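Worksheet: one structure, shown below.
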Amino acid sequence: MNIELMPKNETVPTFDSSQIKVKHIESVECFSSYDGVYSEEEISEDLISGILKQIPTGINILLFLDPNGEDDFLEVICDGEWLALGYSSNGGQENYYSYNPEFAESKEFCPLISGGQSGIEKCFAIKDIEAGVKAVEYFIRTGKLYPGVEWAHQL
């Protein structure tokens, strides 16, 4: 896979922490109390708070900007040790992945599985869960990728 790296920015722009840009949420597999599909009308501050709190203990969820749940989504997969973020838009033509430079030269896979079947290379999964939670909240609130982590843009 050819990638272009987007370095982490130490300065994260401020954002409105009451805004919600995500319009559709789906769990990829059963997990805790957030199993299922949530439409725009069902996405509340309580739901968002619960999802953000659950990330460090393990989650597998899709956050869509598209209200139909078909495009423009962030996949969030975490097992409590590793966290992988993958953003896809334009029908899968634009793809970005969280990037871990510590494993830049490795082809090793971490224990996470994307879509229930595809292994994730360690270079596309981060171990800084706190930064990952911030990245997820930033996406929920702004609909944009969090500049506080490194990203790999698939070319």
Side-chain angles (χ1 to χ4, degrees), residues 1 3-80 82-101 110 112-116 118 120 123-155:
M1 170 187 328
I3 60 171
E4 172 186 24
L5 297 179
M6 299 170 55
K8 175 170 114 173
N9 188 338
E10 296 303 325
T11 305
V12 175
T14 58
F15 61 94
D16 182 348
S17 62
S18 66
Q19 244 185 7
I20 301 174
K21 294 289 185 173
V22 168
K23 305 295 182 202
H24 183 93
I25 298 174
E26 290 182 20
S27 65
V28 177
E29 54 189 44
C30 294
F31 67 94
S32 180
S33 51
Y34 302 104
D35 183 29
V37 176
Y38 298 88
S39 64
E40 186 172 4
E41 304 79 37
E42 298 170 300
I43 300 172
S44 65
E45 287 298 330
D46 285 343
L47 177 65
I48 291 167
S49 175
I51 288 170
L52 294 173
K53 285 178 185 168
Q54 175 135 17
I55 292 171
T57 62
I59 201 165
N60 196 335
I61 196 164
L62 298 170
L63 304 168
F64 291 88
L65 300 176
D66 171 24
N68 297 315
E70 296 178 7
D71 197 17
D72 292 328
F73 65 89
L74 182 71
E75 179 180 33
V76 181
I77 308 166
C78 185
D79 66 1
W82 292 90
L83 185 140
L85 303 170
Y87 174 70
S88 180
S89 69
N90 296 324
Q93 299 300 308
E94 288 288 321
N95 296 294
Y96 296 83
Y97 306 97
S98 51
Y99 185 72
N100 188 338
C110 71
L112 304 176
I113 306 284
S114 175
S118 301
I120 298 171
C123 65
F124 299 122
I126 60 176
K127 297 196 82 159
D128 185 346
I129 306 299
E130 183 179 331
V133 171
K134 289 177 184 177
V136 173
E137 181 176 19
Y138 189 84
F139 182 81
I140 289 169
R141 305 294 184 189
T142 68
K144 298 176 182 175
L145 298 178
Y146 180 65
V149 298
E150 292 188 58
W151 295 92
H153 177 210
Q154 182 179 357
L155 302 175

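Just so it is clear, the model here is predicted, and its values are computed rather than measured.
Across K23 and I20, no two heavy atoms sit closer than the pair NZ-O, 3.6 Å. When all heavy atoms are compared, the tightest approach of E26 to G69 is OE2-O, 4.1 Å. The two residues I55 and C78 come nearest to each other via the heavy atoms O-SG, 3.1 Å. Between P101 and E150 the shortest heavy-atom distance is CG-OE2, 3.2 Å. The minimum heavy-atom distance between I120 and A125, with the atom names listed, is CG2-CB, 4.4 Å. For R141 against I48, the heavy-atom pair with the smallest separation is NH2-CG2, 3.9 Å.
Using the six-membered ring where Trp is involved, H153 and Y96 have ring planes that are parallel, under 30° apart on the 30 and 60° scheme.
Side-chain contact check for L83 versus I77: every heavy-atom pair is 4.5 Å or farther apart. At a threshold of 4.5 Å between non-hydrogen side-chain atoms, the residues L63 and V136 count as touching.
How far CD1 of I51 is from CD1 of I140: 6.0 Å, rounded to the nearest 0.5 Å. Taken from CD in E75 to CG in N95, the straight-line distance is 10.5 Å, to the nearest 0.5 Å. From I61, atom CD1 reaches atom CD of Q54 across 8.0 Å, with rounding to the nearest 0.5 Å. Q154 CD to E94 CD: the interatomic distance, rounded to the nearest 0.5 Å, is 9.5 Å. Summarising the geometry, atom SG belonging to C110 is positioned 7.0 Å from atom CG belonging to D79; distances are rounded to the nearest 0.5 Å. Interatomic distance, CG of L5 versus CH2 of W151, reported as 13.0 Å (0.5 Å rounding).
The backbone N or O of G91 lies less than 3.5 Å from a partner atom in the side chain of D71, making a donor-acceptor pair. Judged purely by atom type and a 3.5 angstrom limit, N100 has no side-chain atom pairing as donor or acceptor with the backbone of I126. A donor-acceptor pair is defined here as one N or O able to donate and one able to accept, closer than 3.5 Å; such a pair exists between the side chain of S27 and the backbone of G36. Under a 3.5 Å cut-off, the side chain of E137 and the backbone N or O of K134 do not form any donor-acceptor pair.
The side chain to side chain contact (heavy atoms under 4.5 Å, CB included) search around K53 returns S49, not counting sequence neighbours.
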For this session: May I have the step-by-step check of side chain to side chain contact (heavy atoms under 4.5 Å, CB included) for V76 and I59, ending in yes or no?
Result: CA-CA 7 Å; V76 181; I59 201 165; 4.0 Å; yes
Problem set entry | Derivation of the side chain to side chain contact (heavy atoms under 4.5 Å, CB included) call for H24 and V37 | CA-CA 7 Å; H24 183 93; V37 176; 3.5 Å; yes
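Summarising the local packing, CD of E130 is surrounded by 12 or fewer heavy atoms from other residues, nucleotides or ligands at distances under 6.0 Å. Counting heavy atoms of neighbouring residues, nucleotides and ligands inside a 6.0 Å radius, atom NZ of K127 exceeds 12 of them.
Test Y138, Y87, F15 against Y146 for ring pair (Phe, Tyr, Trp, His ring centres under 6.0 Å) and you get one pass: Y138.
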